[in-house]
*Asks:* 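Let me begin by handing over the structure; questions about it come next.
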Amino acid sequence: MSRVDLPKGETLLALNSVLVRFGGVVAVNQVSFEAKVGEILAVIGPNGAGKTTVFNTVTGVYTPTEGDISFGGRPLAGLKPHQITRLGLARTFQNIRLFPNMTVLENAMIGGDAASKSTVFGAMFKTPRQRREEAASRTSALEALEFVGLNAPLGREAAGLSYGDQRRLEIARALATKPQLILLDEPAAGMNPAEKVDLQKLIQKIRNSGVTVILIEHDMGLVMKISDRIVVLDFGKKIADGLPEEIRESPAVIEAYLGAEDAAS
Amino acid sequence: MQIPPSIVDGITTGAIYALMALGYTLVYGVLRLINFAHSEVFMVGTFASLFTLHALGITKTPTGLAIVGVFILITVAAVAGSSIMAVLVERIAYRPLRKRNSSSLANLISAIGVSFFLQEVYALRYGRDLIPFPRILNKTVLFHIGLAEVRLDKVVVVVVALVMMFFLDRFVNGTRLGRGIRAVAQDSSTAVLMGVNIDRIVTLTFLLGGAMAGVAAMLYGMFYEVTQYNIGFVIGIKGFTAAVLGGIGNIRGALLGGFVLGLVETFGGAIFHAQWVDVVSFSVLVLVLLFRPTGILGESLQRAKA
Amino acid sequence: MFKGKSRKVALPSFIAVSGLIAAACGSSTTSSSSGSATTAAPASLSIGFFGALTGPNAQLGINIDDGVKLAVSQYNQNAKVKVTLVNLDSQGDPAQAPQLAQKAISDKLVGLVGPAFSGESLVADPILEQGQIVNVTPSATNPALATKGWKYWHRIVGNDNAQGPAAAQFIVKKLGSTKVAVIDDASAYGKGIADIVRSTLPTLSATVATSQSIDPTAPDYSSTVNAIMASGATSVFYGGYYDAAGRLLKQLRDAGFTGQFVSDDGSLDPKLISTAGTSAVSNTYATCACGDVSTTAPGKAFTSAYQSMFSTAPGTYSAEGYDAANVILTAIKAGNTTSTAINSYLGSHSFNGITKTIQFSSTGDIKGGGIYVYQAQASSSTFSSLGLVSSLVG
Amino acid sequence: MSMSTSRISHSYRSAKVPIQKANDTMRQRWRGLPFPVRVLGYIVLIGVAMLLPAQSIGNIMAPQSDWPTILFYPIGSYILLALGLNVVVGLAGMLDLGYVAFFAIGGYTMAVLGVNYNWTFWEILPVGIAVAALSGVILGAPTLRLRGDYLAIVTLGFGEIIQRVVNNLSVTGGPTGISGIPHPPSVGSLSFLTYGVLDPRPYYYLEVVMIAIVIFFSIRLENSRVGRGWVALREDEDAAEIMGVPTFTFKIWAFAIGASVGGLSGVVYASKVIAITPENYPLLLSVLILVCVVLGGSGNRAGVILGAFLVAWLPERFRGLANYRILFFGAMLVIMMIFRPGGLLPARRRASEFAHGIGGGQPLGGEIQSGQFEEDEEGEK
Amino acid sequence: MQLLEIKDLEVFYGKIQALRGISVYVNSGEIVSLIGANGAGKTTTLKTISGLRKVHSGSITFKGEDITNMVGHKRVQLGLCQAPEGRGIFPGMTVVENLEMGAYTRKKSDADKVKEDFERVFSLFPRLNERRKQVAGTMSGGEQQMLAIGRALMASPELLLLDEPSMGLAPMLVSQIFDIIQEINRQGTTVLVVEQNATKALSISNRAYVLETGTVTRSADARELLEDDSIRKAYLGE
């Protein structure tokens, strides 16, 4: 599967009238939006608005009931999550989902392994390709760990890390897959203001390194500061899509999310 | 082809499978645990009713009202034996592990250990041969459907089983404790928030499952008129299969699964000969699971899956 | 294989316990101590019993072992060379057979009663053969065992090749049934006999009405019962053991089957009657290569000695176990103190057992070995002998 | 796919089992040793394995059995089987209750090809492994998508079906099985490489070599992308898939590898015992091998070997207990699981997973801990 | 009078410390809110109060009784009931059954009072009255939230714990829910509410605590916080 490589400003990810239904409940209702290469796109909305479901649908965990998603022009329909990851699309989770009993390095290497092709025979006979890939995986894991500035010992179990470090490790794990696009699901959740500042810098650093970022976040301060564009969801529907200033002014968004009182003041 | 006899016999054995399946399903529904020691719970029930018959000194088929009396006594004995054993199994083999947050594998091995232990206790005490029951109900033919004989004992098996299932269904769906069971099954942490004592519900669940196994054991003893230290093994696997077939965790699924398995076996036996029955029924199970991964009726007692 | 002149030798059991046995057997002996080297006879020797003593199939093994124990204790009452008995408990599991066979070799057993089952025999016998351990099985009836060219292997019961045709003849010629449902328990033993019955019936102008294998551990045989009822069979032959036989018979009778039910020596056990219920066992028969020991004088003596030693009546193959042990003990008594010497002795002599006269053919199988038929008696809950099949169908 | 639980937020006791620590430091020390020292260590181990069948050791270890024979079976064979099942259960975290099926498939491949087609042991060995692996894939492909509990009944059924099939088919000799299975060809005239009827030691040595090979490959697998993938899918299957681990493929691989080790041991076993019947492959054996794995320490090779050794050896050592063997065995299992739920030598990782209550990989039970629940701080499901 | 008092509460998930010494109190008759970002420890605090989480150190006192290590279901009997986050209704049960679950711990002798509480819940939430027989899993989010609150009320609690009652609700419904919370409070039930929608929560509360990474960073009068610039910046999105 070839990875996506597009010039800046091109459409990287496109959702076209995506509808996701669970039983009788429509979780995502005819949502369309695009993410362009090199931007930071924020997806906001109240809890339960369908933001994480959108992430899950993009990464192949759910299949859209209607509509389609393409990544770098390539339709994602029928691809399994791991295949989508290998196309260059990585993510983190709202509630951190590291492999708790794997070490820091191992966690990151799981991400690094996404580029590997050798499997059982390679491992059993230590083929040159397997050695090469193992080394590459290790390198990209170490690079990603350095990139996010995680200082914990490589041999420490993930469960033993502080909350902030776990967030970092999760991002490093996603970056180790060498993605074109990274989806961050509430990365600032549970962080104190100082940590949030670091996070903000990290997200910008990721973008500056050429990786497109889509972000779900509740912390409006953070969102307004770093987003290039914002998509607002409510009840599974997209109610707004635009620059941060536009979103801040949008009556629909104020009504649904920011709160009428806030707008008044 | 023997269609009518296959139907009659399939329903009869299916009724016993269904009662067994209920035990697996109840425990699974509440604890997400497959109680592999349920076979021995059944076995203890058969012995309890046999001992009662011995204690009553019954060697010949009773007549008249005595039949009813004997029936009530052996049912009570079997239900008591099985449900006490089920609760003991939970206390000894599962609860200590639950308190220690143990894995499912540890629970499985613990269950296997209890099974070995109980089987051997009975084998050492009562031998390894089949132990016969006296006949307590004459196998009178009531009427014929084609080649099929509808016999009194078959009718009793099916009717008693259905009545028990009805009461169980009413209990679980219509009483406060039953609601407690369903609440724990659907969302155990919220159930705690509502003041449900989980340990008590777990005990109750094993008690009910054991009681169903006890009724199954009594019917088995009355119908097949034998027991043995390892009698539970086969019937346990069948009950478990039936529970999975119908949708484990789902009470009505267990009933359906039991009857379907009974019918698959008799028809499978009629079509492919007896030696292929198990191959047929497991193949049916796999096929069903491929198309309905959570069984025919799904896991309705379960917490909703995301 | 040593092919010496055959001599008749008495079994030594008579000596102490029972005068009756002595009276019955002693007369026909021409005891011999020749034919084997008697250099430096050791003070004691060990023989073994190989079979299930624990586990689900233990009862048969215990029956045999008790017969062997009785034989050894009677022998030791008055013997120069004492014999001790070593138990090799296989639990009936073929997987345990190799190490027990090796154990027999390393313990230098001079003779072995067993292996009791055919399955474990197939695994253990090649090892015993190489280890030159003379073995006499009282109960493994699979015909294939005689075809392996083993020189140390012996069998004192008729094999299934004899029992199967005899059962078929009995059903057709004596019981007069020509539509026979043939059922087995899918075991090596039960299916072995049933297959022979299946192939013999057509040669007697009878038909196999339906042919099925049941799972002996399953509770319910209704599909088989339905098939039998639908087939119009007038009799049923069942190859297998008494527990499943009893349940099948019960379910057949409950379904209204009134024809004859014939089974094999695996079913020749009073437990068949208790399992099926006394009302179910009319017209119920079992064939066996074993003679009836309850009527002859030595048999009665054996039964009472057994009863007094174990406080229980002899079970199926107890008498054969007794005979098998005595075959070996007789050889020892004759001055043979090595396995090879005993083996030669066995090949060249014949023995008066309580079940039959025992003489081994060159393959190790028993010569002759008629098949008897027994009928279940509801009144006494036992089987009683009707005699040899050959004389019944005469 | 369930995306609800945050695995990291499982509560567990921070205090680790002391023996676990010892186990860990031993391992770390071993890894820290220079290469030649480790080679020397392995040579010593091989020497011990060579000397193990000695009669003097047997007198202590198995006075009532034939020690060299039980070293081959059950001890060696159980170890081999447990190492294979460990890949499925311990590494990939899937429950297989029908593992004996692969042992049977290997055995019958050896028997059928050896007896009917006169193939030699070394020709059959790869075929037996391949056939077993293939049947692992055939069983796995449709069923591995099922949740853990369902896998239990399906694999259990598969084990039963294989037994029924070999019992009913004529090519496998039906219930009589197949006898006259050829031995491996002897190598030269060395006594320990002469494969005959009487001497079990050559087979034992062969098995030791097979065990060493299996251990060698499983170490390599464990320390590779595949091994990492297995741990990841055991701990959080959905997250693993999303991080690019082809979970389904890796599960199938685990099944196939486990099956091929089962097939391998089946071939080796059948080549020794001359005759096999369906009775050699009861459901109970599947259960016992699973007990070996869990009792020893699921996921930890040394633990699994210890578990297999104990499960195989104790009943032989205590033959004197006769009828009470199984009774004690059953009671011991319960007690062991209560006091050492992670097994005798729990894997470092598995120890914490067990403490997390996620050791089974998939839910099979024991999920509700009194008063403690997962799921925290989450919005959408 | 202090109905609930939490002192220096520390809670761990494994090696991770979720609460780092939280002290909170609720007076009888108050509405108190806990606000903060996702992951700050708000829900953990509520779960610990309800007994779903083990306390590492610190204490919880309710009605003067130390309930730090009391099992969860007994706390309900004591008068403490929670409508959990994500509503946590029993999806397979009907509306009435769900409500009956709320009254699970109440005795038979209490039957008349239970009947009254049914009426009270139905008058607070007329929607539920219309849908008595409906299976809860098929209801809309707003109805489920009403059911969750109604169910908690069926325990007749002295202290009602609400975890994100506005989550996933349409703005109209959010206002409605908060009105009802106020009404419940007026009828005499003390309320401790965890909310992301800080504006709404603060607007109905007497007092509030701001949680950040497992510690209380601010505690003050709700009005005061509403007007605080830094709070507005951090939690009100400005």
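Bear in mind that the values here come from a model prediction, so they are computed numbers and not experimental data. Throughout, protein chains are lettered first and strands after them, A, B, ... in sequence-line order, and every chain is numbered starting at 1.
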*Asks:* Checking an interface table here. Which of residues 104-119 of chain E come within a heavy-atom distance under 4.5 Å of chain B?
*Replies:* E:Y104, E:T105
*Asks:* Evaluate whether atom CZ of B:R200 has more than 12 neighbouring non-hydrogen atoms of other residues, nucleotides or ligands under 6.0 angstrom away.
*Replies:* no
*Asks:* Would you say that B:V196 contacts E:M101 through its side chain, given a criterion of any heavy-atom pair below 4.5 Å between the two side chains?
*Replies:*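 B:V196 vs E:M101: side chains touch.
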*Asks:* How about residues 60-82 of chain E versus chain B: which residues have heavy atoms under 4.5 Å apart?
*Replies:* E:G72, E:H73, E:V76, E:C81, E:Q82
*Asks:* Not counting sequence neighbours, which residues clear side-chain contact (heavy atoms from CB on, under 4.5 Å) with E:E130? List them please.
*Replies:* E:R127
*Asks:* How far apart are the C-alpha atoms of E:F90 and B:R179, what are their side-chain angles, what is the distance that settles it, and do they pass the side chain to side chain contact (heavy atoms under 4.5 Å, CB included) test?
*Replies:* CA-CA 10 Å; E:F90 300 110; B:R179 266 199 306 283; over 6 Å; no
*Asks:* CD1 of E:I49 to CG of B:L193: how many Å apart, nearest 0.5 Å?
*Replies:* 11.5 Å
*Asks:* Check whether any side-chain heavy atom of B:R176 lies under 4.5 Å from a side-chain heavy atom of E:E100, and answer yes or no.
*Replies:*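 They are not in side-chain contact.
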*Asks:* Could you give the distance from OG1 (B:T190) to CZ (E:R151), rounded to the nearest 0.5 Å?
*Replies:*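 Going from the OG1 atom of B:T190 to the CZ atom of E:R151 covers 6.0 Å.
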*Asks:* Measuring from B:M194:CE to E:L99:CG, what's the distance to the nearest 0.5 Å?
*Replies:* 10.5 Å
*Asks:* Can you list everything that forms a side-chain contact (heavy atoms from CB on, under 4.5 Å) with B:D169? Sequence neighbours excluded, please.
*Replies:*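 For B:D169 the side-chain contact (heavy atoms from CB on, under 4.5 Å) partners, ignoring immediate neighbours, are B:N173, B:I251, B:R252.
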